[in-house]
Amino acid sequence: MPSAEMTPASRHEPEPVRPVAAEPVQPTREDEVAAAGSELIGGPLGRRALPGTSWWTPVRVVALVAIGMFALGLVQKAPCYDGAWFFGASSQYTHACYSDIPHLYQGRGFADHLVPYFDKLPGDMDYLEYPVLTGVFMEVASWLTPHSGSIQHQEQWYWFVNAGLLMVCAAVIAVCVARTQRRRPWDGLLVALAPAFALTATVNWDLLAVALTAAAMLMWSRGRALAFGVLLGLATAAKLYPFLLLGPLLVLCWRAGKWREFFQALGGAVGAWLVVNLPVMITHDATGFHIREGWAKFYTFSKERGVDFGSFWLIWAQNSSNPPTTGFVNNAATVLVVLCFLGIAALTFTAPRRPRFAQLAFLVVAAFVLTNKVYSPQYVLWLVPLAVLARPKWRDFLIWQACEVAYFLGIWMYLAYTTSGDAHKGLPTHGYQWAIVVHLVGTLYLCAVVVRDILMPDRDVVRRSGDDDPSGGVLDGAPDAFVLGATAHPPRHAAHFEGPQVEWGRAETLAHQQRSL
């Protein structure tokens, strides 16, 4: 992308619900928005329906819907593929179909067969500014691209090849989310049908890291700590954000006393990251071993990059006669995100019940996104699977998605305005700043709902259906070993509300019985 630098409480105790752990949750029976939306395909599932008796299993349906929505996202890019990427400075923005992929085919040396991280680039970027595994992905796609015909023809093919590979990643993400929480496979439809997911899927290569992270979450939910770590290490080798998930895992394992599993995960992550990075990271000459400049480019670029699109820092910079320097923003953003992480850790140790892994994973990544100095539109992909696992409620999810779609349109209309000269087609600066505010408010809203679920577990739709932490692996139903504050007393419901309550002890016992069968 171009740079921006130029319920009221009830008085009566409701009847407890005794959940049946083996029964899949049907969203049209528990979610009013899902029930209303199902009218398009015949209405909510009936009492006499026999789910799982045909080839159309929930996971297969989710995968096909994800591929279909991805294809619609490709259609949305058609105006650019037919010419807007190549002719006219602002048409790719007015059609909201911009993608980094075709532009970087030549801009990062793939058209000239340059090797990422080893060969210096002739342009303003001396080395590829992406982590190693993403660079490998880009390079493999260039091998599959026909190096014949005009450069426009090659860039079109490069985008198509990448789109095909990214479609596989999208299907993997949807399937992993559908299988992570065993009794809630239909939650994968939130990923598959997320409009911001389809719109941003081919803006950049983020889906690779998101797919590896989703697969890691699935492995952890099945109690495979080492496999989780390996996949998370690979995801971190493709994008920086996945390593943040080790933070919530640390505090959750601390509270549950599951240190062995945590260190297995940590070791797997570090080992996998080193296996990918060491061959590119280290170079040797007559004076000894050194860090390769090309490998370090991603980290130096991230540090030196100024305030950019989508952040509240940009609003400050654009409305100040003395905008903050890059150094100040780097330090201030680091302080803010560390404070957020400490707050999440305190929440984990003092919550009336141990939070679910997915809830904390969403909160830490959201905190990073909200405080960072840049928010490219495709960064929403990082949050979508985690948001679905953390808060699988259609109303809240769609409210957040509407805010993200508004931001997606806002940034392209702003770029159209800044690149259309005196015509000023698009959204002026103050309009774009409101689009940033909408994105920030939408993400903060979803964070607030997740925090409320942690403080009042009876409001958590996952736990109300009878589970403890279906994405928590060894944490699911485990007793606490270390707690702080009022949580050190015997567990009790954090609040009463109108509706059924789950008997937590019975749910945990039943979950353990199911796993032992």
Side-chain angles (χ1 to χ4, degrees), residues 21 59 169 172-185 187-188 191 208-239 241-273 341 344-345 348 353-366 382-392 450 454 460 462-463 467-481 508 511-512 514-516:
V59 172
C169 294
V172 168
I173 294 165
V175 169
C176 286
V177 171
R179 298 185 64 188
T180 295
Q181 302 189 150
R182 294 174 184 267
R183 295 179 56 236
R184 305 185 61 91
D187 289 345
V191 174
L208 173 62
V210 179
L212 290 167
T213 304
M217 294 288 290
L218 175 61
M219 289 299 100
W220 182 263
S221 74
R222 302 301 168 88
R224 300 174 64 179
L226 183 60
F228 163 83
V230 169
L231 287 167
L232 196 71
L234 293 175
T236 305
K239 207 75 178 177
Y241 87 91
F243 93 95
L244 296 173
L245 272 61
L246 291 171
L249 194 63
L250 168 63
V251 293
L252 287 171
C253 288
W254 188 348
R255 176 161 173 168
K258 299 293 184 179
W259 290 108
R260 178 172 176 270
E261 289 79 3
F262 171 76
F263 285 113
Q264 283 182 335
L266 178 62
V270 173
W273 186 88
F341 292 167
I344 293 169
T348 303
R353 291 194 60 81
R354 187 172 58 248
R356 294 189 290 109
F357 180 33
Q359 292 174 319
L360 297 190
F362 171 77
L363 289 177
V364 297
V365 177
W382 307 355
L383 290 172
V384 169
L386 300 176
V388 171
L389 294 172
R391 178 64 180 173
V450 171
I454 293 173
D460 184 350
V462 174
R463 284 178 160 163
D467 291 312
D468 175 39
D469 186 2
S471 64
V474 296
L475 301 170
D476 187 20
D480 285 329
E508 291 178 6
H512 282 299
Q514 291 291 330
R515 286 197 296 272
S516 64

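Basis for what follows: all heavy atoms, side chains included, without hydrogens, waters or symmetry-related copies.
With rounding to the nearest 0.5 Å, the separation of CZ in Phe262 from CG in Leu246 is 6.0 Å. Summarising the geometry, atom CZ belonging to Arg182 is positioned 8.5 Å from atom CG belonging to Leu218; distances are rounded to the nearest 0.5 Å. With rounding to the nearest 0.5 Å, the separation of CG in Leu363 from CZ in Phe341 is 10.5 Å. Atom CG of Asp460 sits about 10.5 Å away from atom CZ of Arg353, to the nearest 0.5 Å. A distance of 13.0 Å separates CD1 in Ile173 from CE in Met217, rounded to the nearest 0.5 Å. Distance check, rounded to the nearest 0.5 Å: CG of Leu245 to CG of Leu250 gives 12.5 Å.
Exactly one of Thr180, Asp187, Val210 qualifies for a side chain to side chain contact (heavy atoms under 4.5 Å, CB included) with Pro385. That residue is Val210.
By the neighbour-count criterion of 12 heavy atoms within 6.0 Å, atom CZ of Arg260 is sparsely surrounded, having that number or fewer from other residues, nucleotides or ligands.
Across every non-hydrogen atom of Lys239 and Ala209, the tightest pair is CB-CB, 3.4 Å. Nearest heavy atom pair, residue Pro355 against residue Arg255, reads CD-NH1, 4.3 Å. Residues Ala390 and Phe362 approach most closely at CB-CB, 3.9 Å, considering heavy atoms. Scanning both residues, Cys176 and Ala214, for their nearest heavy atoms gives CB-O, 3.7 Å. Residue Ala478 comes nearest to Arg354 through the heavy atom pair O-NH2, 2.8 Å, listed as atom of the first residue, atom of the second, then distance. Between Met219 and Leu231, the closest heavy-atom pair is CG-CD1, 3.5 Å.
Between Tyr241 and Trp382, the two ring planes are parallel [angle under 30°; tilted spans 30° to 60°].
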Dump the intermediate steps for side chain to side chain contact (heavy atoms under 4.5 Å, CB included) on Ile454 and Leu360, then the final yes or no. CA-CA 9 Å; Ile454 293 173; Leu360 297 190; 4.0 Å; yes

Give the intermediate values and the outcome of side chain to side chain contact (heavy atoms under 4.5 Å, CB included) for residues Val365 and Leu383. CA-CA 7 Å; Val365 177; Leu383 290 172; 3.6 Å; yes

Could you go through the side chain to side chain contact (heavy atoms under 4.5 Å, CB included) check for Glu261 and Leu249 one step at a time? CA-CA 10 Å; Glu261 289 79 3; Leu249 194 63; over 6 Å; no

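In this structure the side chain of Ile344 never reaches within 4.5 angstrom of the side chain of Pro248, judged on heavy atoms.
Side chain of Trp220 to main chain of Gly472: a donor-acceptor pair is present (N/O by atom type, distance under 3.5 Å, no hydrogens or angles).
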